[in-house]
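Index from 1, following the sequence.
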Amino acid sequence: MRGVTMGEVTIQQVATAAGVSPSTVSNLLNGRSHRMLPETRQRIETAIDKLGYRPNRAARQLRTGRNQTVGLVVPSVGNPFWGALARHLESAALAEGYHVLLCNSERDPRRERDYIEELWADGVHGVVLCSSLPSLEHVMPLVERGLQLVAFDRTAQAGDPASLVSISVDNAVGSELATRHLTDLGHRRLAFVSGALASINRKERHRGFVAGLERAGLDPAEALLAPSGSGGDAFGDVEASELGRAAAAELLSLDEPPTAIVAINDMCALGVCRGIRDGGLEVARDVSVVGFDDIVLADLYAPTLTTVRQPMPEMAAEAFGLLRARLEDSSPSKGQSLLFRPELIIRESTAAPRA
């Protein structure tokens with residue numbers, strides 16, 4: 001007897017193997033499983049895996065009028081934070097029968113526009129965009145044609161599309177928490193290390209840094225700022241660790257170097273830590289360092305990194321859920337803006353300044 005190949009498996013065969021109707025299998029495949037018993041869902045998923053069934057996405061799109069694929073445009077997965085977002089977003093999408101296409105834009109508006117135009121041409125009408133650029137003018141023509149857009153790590157701005165969904169951690173609060181932690185330890189000469197302060201999230205983090213200094217009675221004008229990018233990557237998304245390392249070398253060469261440094265993200269902070277050691281000093285004992293994001297490396301590095309944690313799983317699930325709701329609802333949607341609370345995670349990279 002000739003075996004059934006992957007391409008010949010039908011939805012009817014899956015239904016027979018699972019002991020359910022074809023319509024029940026279809027409900028699962030099309031994301032209508034919220035009322036389905038867990039054991040029924042498990043039987044269907046087991047049958048799908050055993051038979052090697054793969055739905056014909058082109059046929060399903062013709063039948064439903066929807067493409068079960070969404071786009072995710074991030075600055076660079078060279079930063080593990082964006083890799084973690086991709087993993088959590090994909091997990092939420094797969095649970096509802098969707099797939100995710102990942103693009104790295106390096107915060108280049110032209111590159112973002114080209115990627116999103118390609119996605120649109122392929123029938124992908126929902127995108128999570130993560131560049132946090134001040135203006136969305138470069139993607140407005142597609143939004144006007146019906147593109148559903150979720151802006152991640154970007155608060156709503158004047159001039160945004162009326163239908164835009166914005167999801168972000170409160171970057172200003174997070175950076176202020178980091179700065180207050182350092183000033184509470186007794187630090188009075190602080191530095192802020194970042195790539196170009198040209199994105200909304202970075203401006204907010206710098207604003208929180210300034211607020212933390214003012215709360216401690218310090219003059220922000222006397223704080224040190226190292227916002228240079230590396231090479232052609234002004235934001236430092238691709239070479240964040242090298243940016244931090246170079247900034248640390250520059251700051252520690254000053255006549256009055258800082259005793260504490262707030263970095264724009266964890267990869268930059270880890271580079272700062274490397275730069276401190278390059279200068280013959282010790283992290284925490286000589287210079288305290290705080291990052292932002294709480295990537296997996298933060299707790300693996302020695303010394304472990306004090307950082308500001310973003311609630312990534314919740315934020316990713318919310319981003320996909322809101323995007324999916326808009327793709328599946330034909331009625332006009334109003335804009336939404338969600339702001340998540342950050343959490344300061346205190347580890348070994350911070351300590352009171354030496355006398």
Heavy-atom side-chain proximity of [X] to [Y] below 4.5 angstrom:
{"X": "N79", "Y": "I295", "result": "yes"}
{"X": "V25", "Y": "P22", "result": "no"}
{"X": "F340", "Y": "D170", "result": "no"}
{"X": "W82", "Y": "L102", "result": "no"}
{"X": "V150", "Y": "L129", "result": "no"}

[X]/[Y] ion pair, N-O < 4.0 Å:
{"X": "R202", "Y": "D237", "value": "yes"}
{"X": "E204", "Y": "R207", "value": "yes"}
{"X": "E39", "Y": "R43", "value": "no"}
{"X": "R274", "Y": "D278", "value": "yes"}
{"X": "R111", "Y": "E106", "value": "yes"}

| Steps toward side-chain hydrogen bond (donor to acceptor under 3.5 Å, both in side chains) verdict (T306, H181) | CA-CA 10 Å; T306 295; H181 168 61; 4.7 Å; no

Can you tell me how far [atom2] of [Y] sits from [atom1] of [X], rounded to the nearest 0.5 angstrom?
{"X": "L182", "Y": "T259", "atom1": "CG", "atom2": "OG1", "result": "8.0 Å"}
{"X": "L213", "Y": "H187", "atom1": "CG", "atom2": "NE2", "result": "12.5 Å"}
{"X": "F152", "Y": "S168", "atom1": "CZ", "atom2": "OG", "result": "7.5 Å"}
{"X": "D160", "Y": "M140", "atom1": "CG", "atom2": "CE", "result": "8.5 Å"}
{"X": "C268", "Y": "D266", "atom1": "SG", "atom2": "CG", "result": "9.5 Å"}
{"X": "E328", "Y": "L323", "atom1": "CD", "atom2": "CG", "result": "9.5 Å"}

| query | After noting the C-alpha distance and the side-chain angles of S194 and R205, does the key distance pass the side-chain contact (heavy atoms from CB on, under 4.5 Å) rule? | reply | CA-CA 10 Å; S194 169; R205 291 181 192 182; over 6 Å; no

| Checking side-chain contact (heavy atoms from CB on, under 4.5 Å) for the pair L190/T179: CA distance, chi angles, key distance, verdict? | CA-CA 8 Å; L190 284 75; T179 308; 3.9 Å; yes

Determine whether a donor-acceptor pair (N or O, by modelled atom type, separation under 3.5 Å) exists between the side chain of [X] and the backbone of [Y].
{"X": "R189", "Y": "E256", "answer": "yes"}
{"X": "T69", "Y": "V100", "answer": "no"}
{"X": "S175", "Y": "A172", "answer": "no"}
{"X": "R188", "Y": "T183", "answer": "yes"}

| said: Go through it in stages, so that I can follow the logic: the residues are S166 and S337, the test is side-chain hydrogen bond (donor to acceptor under 3.5 Å, both in side chains), and I'd like the CA-CA distance, side-chain angles, deciding distance and then a yes or no. | reply: CA-CA 5 Å; S166 297; S337 184; 4.9 Å; no

| message | Please determine whether side-chain hydrogen bond (donor to acceptor under 3.5 Å, both in side chains) holds for the pair S105 and E112, giving the CA-CA distance in whole Å, both sets of side-chain angles, and the decisive distance to 0.1 Å. | response | CA-CA 6 Å; S105 72; E112 288 183 354; 3.3 Å; yes

May I have the list of side-chain donor-acceptor pairs in residues 308-320 shorter than 3.5 Å, sequence neighbours left out?
{"from": "R309", "atom 1": "NE", "to": "D294", "atom 2": "OD2", "distance (Å)": "2.7"}
{"from": "R309", "atom 1": "NH2", "to": "D294", "atom 2": "OD2", "distance (Å)": "3.0"}
{"from": "Q310", "atom 1": "NE2", "to": "D293", "atom 2": "OD1", "distance (Å)": "2.8"}

| request: For atom CZ of R285, decide whether the heavy atoms of other residues, nucleotides or ligands shown that lie under 6.0 angstrom number more than 12. | output: yes

| task | Flag yes if more than 12 heavy atoms outside E144 fall under 6.0 Å of its CD atom; otherwise flag no. | result | yes

| said: For E282 and R277: C-alpha separation, side-chain torsions, deciding distance, then whether salt bridge (Lys or Arg N to Asp or Glu O under 4.0 Å) applies. | reply: CA-CA 6 Å; E282 290 188 21; R277 281 194 293 274; over 6 Å; no

Will you find, in the side chains of [X] and [Y], an N or O donor that is under 3.5 Å from an N or O acceptor?
{"X": "N201", "Y": "D153", "value": "yes"}
{"X": "S23", "Y": "S26", "value": "no"}
{"X": "Q12", "Y": "T16", "value": "no"}

| field | Stepwise side-chain contact (heavy atoms from CB on, under 4.5 Å) test for Y98 and L327 | value | CA-CA 11 Å; Y98 279 75; L327 289 170; 4.3 Å; yes

| Looking at L147, L142, L101, D114, which hits side-chain contact (heavy atoms from CB on, under 4.5 Å) with L119? | L101

| Check against side-chain contact (heavy atoms from CB on, under 4.5 Å), V169 and F292 | CA-CA 11 Å; V169 75; F292 203 114; 4.2 Å; yes

| task | Dump the intermediate steps for side-chain hydrogen bond (donor to acceptor under 3.5 Å, both in side chains) on T40 and Q42, then the final yes or no. | result | CA-CA 5 Å; T40 302; Q42 183 60 53; over 6 Å; no

